[in-house]
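Following: one structure in structure tokens, then a few remarks.
Excluded from the calculations below are hydrogen atoms, water molecules and symmetry mates; all remaining heavy atoms, backbone and side chain alike, are included.
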Amino acid sequence: MRASTRFSPDPLDYALIDFRDEKTSFSPSAIGLILNESYTGCSLAIKTKENIIPNKNLRIQVGKLGVMSAKVVWVKVLDETLVQVGVQFLD
């Protein structure tokens with residue numbers, strides 16, 4: 001059973017991802033397609049060569065929300081440059 005109710009993102013919404021966990025500046029290096037959202041996190045499809053592992057902290061801007069800290073909860077590698085990840089919002 002899921003801890004939070006999931007809902008579909010608004011059409012054409014995306015997430016900007018900065019794999020550095022620096023609070024001073026936000027410099028996204030990847031864009032993720034939002035697959036689903038909850039109040040505590042979201043699932044994204046990201047095309048990147050970045051090594052994404054569970055428990056990695058990052059900064060993210062999801063849709064119209066402000067920039068916030070997040071943690072990777074799970075990773076599913078789809079091919080050599082495409083991953084699906086679940087992130088938990090920390091802010």
Flag side-chain contact, heavy atom, 4.5 Å: Phe89 against Thr40: no

Side chain to side chain, Arg20 and Ser25, heavy atoms closer than 4.5 Å: yes

Side-chain heavy atoms of Val77 within contact of Ile52, under 4.5 Å: no

Side-chain H-bond candidate by donor/acceptor type, Lys47 with Thr81, under 3.5 Å: yes

Residue pair Lys71 / Val87, side-chain heavy-atom distance below 4.5 Å: no

Least distance between heavy atoms, Leu44 atom then Ala15 atom: CD2-CB, 3.8 Å

Atom pair CD/OG of Gln88 and Ser38 - distance to nearest 0.5 Å: 9.0 Å

Nearest-0.5 Å distance, CG of residue Leu90 to CG of residue Asn57: 6.0 Å

Side chain to side chain, Ile17 and Ile31, heavy atoms closer than 4.5 Å: no

Note, Met68 side chain near Ile60 side chain (heavy atom, < 4.5 Å): yes

Which atom of Ile34 lies closest to which atom of Gly63, heavy atoms considered: CD1-N, 4.0 Å

Between CD on residue Gln84 and CD1 on residue Ile46, distance to nearest 0.5 Å: 9.5 Å

The single option from Asp18, Val85, Val72 passing side-chain contact (heavy atoms from CB on, under 4.5 Å) against Leu58: Val72

Closest contact, heavy atoms only, Phe19 versus Ala30: CE1-CB, 3.7 Å

Student check: side-chain heavy atoms of Val62 and Tyr14 closer than 4.5 Å: no

